[in-house]
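Contents: one structure, followed by commentary.
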Amino acid sequence: MGSEEELNIFRGKILGMLPDSTLKEVSDVVLTNTKSFLKSESCYVAFIDPENGDSVGISFSHLTKECEMYEEMGEARFKVLKDGSYGGLLGYSLDTGESLYVHDITNHPAAHGLPPGHEPVSQFLSVPVKFEGEVIGQIVAGNPEEDYDDRDLKICEEIAEIYGMVLNELLNKSKIV
């Protein structure tokens, strides 16, 4: 999965969803395709709330009991900290603007453990979603069938580039849900 042809089909599909689709509908397609391309068990797709800077997961795999509640609310909101960072491994790509993959999440310097009741995460890949150099969202994947590698990171960065164009368009039109 994740060939140039498949990514071009994905690009056309996502861009073709404008202007009639909501951010949730687009994010769900991003989640499904990211999981498929990266052969990952879980995924999290978020945007940065332009009003307060919170990271808002709008499409996500259910890895905790709270995920059902978040699904009913329509989002999983992670508040930006007072210092402007998000912290932890989940916030790493938002804080640094850099992509990463980690094979052992317990040994990454930004890791501070999983929340109580969270399903185990064997590996972690996170890519900031940018538009014109500004971080406006994030795509995270976890628990792949095979170890993440540079190819997976490149595929997810290409997905994030496409998502960034659409995300910018939808956030500027306030068509979130």
Side-chain angles (χ1 to χ4, degrees), residues 1-50 54-64 67-68 70-78 86 89-94 97-102 119 121 123-145 148-177:
M1 293 301 280
S3 71
E4 195 62 41
E5 182 180 341
E6 289 170 316
L7 284 168
N8 284 333
I9 291 168
F10 169 73
R11 180 179 286 106
K13 182 177 185 177
I14 291 294
L15 294 175
M17 294 179 79
L18 289 174
D20 300 323
S21 297
T22 66
L23 180 53
K24 172 68 172 146
E25 291 166 334
V26 171
S27 297
D28 284 349
V29 171
V30 169
L31 178 133
T32 300
N33 282 272
T34 299
K35 285 174 62 174
S36 177
F37 287 151
L38 302 183
K39 298 178 184 149
S40 295
E41 187 178 297
S42 57
C43 186
Y44 171 82
V45 179
F47 69 93
I48 302 299
D49 187 326
D54 291 349
S55 174
V56 183
I58 194 163
S59 299
F60 45 86
S61 302
H62 292 196
L63 299 178
T64 68
C67 287
E68 291 296 327
Y70 295 145
E71 187 75 34
E72 288 175 19
M73 290 172 31
E75 64 181 39
R77 185 172 289 266
F78 296 94
Y86 298 90
L89 193 54
L90 183 61
Y92 182 86
S93 66
L94 296 173
E98 298 174 10
S99 303
L100 83 152
Y101 60 90
V102 180
E119 288 186 20
V121 177
Q123 291 188 40
F124 179 88
L125 182 145
S126 179
V127 172
V129 174
K130 298 178 182 180
F131 184 78
E132 295 181 349
E134 180 184 350
V135 176
I136 60 171
Q138 177 183 36
I139 300 173
V140 175
N143 298 339
E145 290 177 12
Y148 288 129
D149 59 23
D150 290 344
R151 181 178 177 276
D152 295 314
L153 200 64
K154 183 171 177 11
I155 289 168
C156 197
E157 286 172 338
E158 290 183 37
I159 293 169
E161 183 179 330
I162 299 161
Y163 184 55
M165 291 184 286
V166 175
L167 183 56
N168 179 67
E169 182 83 15
L170 291 173
L171 289 176
N172 285 328
K173 290 185 177 181
S174 298
K175 193 169 184 176
I176 294 174
V177 181

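Remark: Ile14 engages Phe10, Met17, Val26, Val29, Val30, Ile162, Val166 in a side chain to side chain contact (heavy atoms under 4.5 Å, CB included) (not counting sequence neighbours). Scanning for ring-ring contact (aromatic ring centres under 6.0 Å, His included) contacts around Tyr101 gives His103, with sequence neighbours left out. Residues satisfying the side chain to side chain contact (heavy atoms under 4.5 Å, CB included) test with Glu98, not counting sequence neighbours, are Tyr92, Thr96. Taking Lys13 as the reference, nothing meets the side-chain hydrogen bond (donor to acceptor under 3.5 Å, both in side chains) condition, with sequence neighbours excluded. Asp149 is linked by a side-chain hydrogen bond (donor to acceptor under 3.5 Å, both in side chains) to nothing, counting only residues two or more places apart in sequence or in another chain. In terms of the side-chain hydrogen bond (donor to acceptor under 3.5 Å, both in side chains) criterion, residue partners of Ser40 (sequence neighbours excluded) are, by chain and number, Tyr148.
Side chain of Glu161 to main chain of Val129: no donor-acceptor pair is present (N/O by atom type, distance under 3.5 Å, no hydrogens or angles).
Taking the side chain as every heavy atom from C-beta outward, Leu94 and Ser55 approach each other to under 4.5 Å. Pro128 has its side chain within reach of Ser99: a pair of non-hydrogen atoms, C-beta onward, lies under 4.5 Å apart. Under the 4.5 Å side-chain criterion, counting only non-hydrogen atoms from C-beta, Cys156 is in contact with Leu38. Side-chain contact between Val140 and Gln138 is present, with heavy atoms from C-beta onward closer than 4.5 Å. In this structure, the side chains of Glu41 and Gln123 stay at 4.5 Å or more apart for every pair of heavy atoms. Counting only heavy atoms from C-beta outward, the side chains of Cys43 and Ile139 approach each other to under 4.5 Å.
The line from CZ of Phe47 to CG of Asn168 is 13.0 Å long, rounded to the nearest 0.5 Å. Atoms OG1 and CD1, from Thr22 and Ile58 in turn, are 7.0 Å apart once rounded to the nearest 0.5 Å. Atom OH of residue Tyr86 and atom CG of residue Asp54 lie 7.0 Å apart, to the nearest 0.5 angstrom. How far CD1 of Ile136 is from CE of Met165: 10.5 Å, rounded to the nearest 0.5 Å. Rounding to the nearest 0.5 Å places CD of Glu169 at 10.0 Å from CG of Leu15. Atom-to-atom distance recorded for Phe131:CZ and Ile48:CD1 is 15.5 Å, nearest 0.5 angstrom.
Between Lys154 and Asp150, no side-chain nitrogen of the basic residue sits less than 4.0 Å from a carboxylate oxygen of the acidic one, so the salt-bridge criterion is not met.
Between Ala46 and Leu167, the closest heavy-atom pair is O-CD2, 4.4 Å. Shortest non-hydrogen contact noted between Tyr163 and Leu23 is OH-CD1, 3.6 Å.
Counted by atom type alone, Ser59 and Tyr44 present zero donor-acceptor pairs between their side chains at under 3.5 Å.
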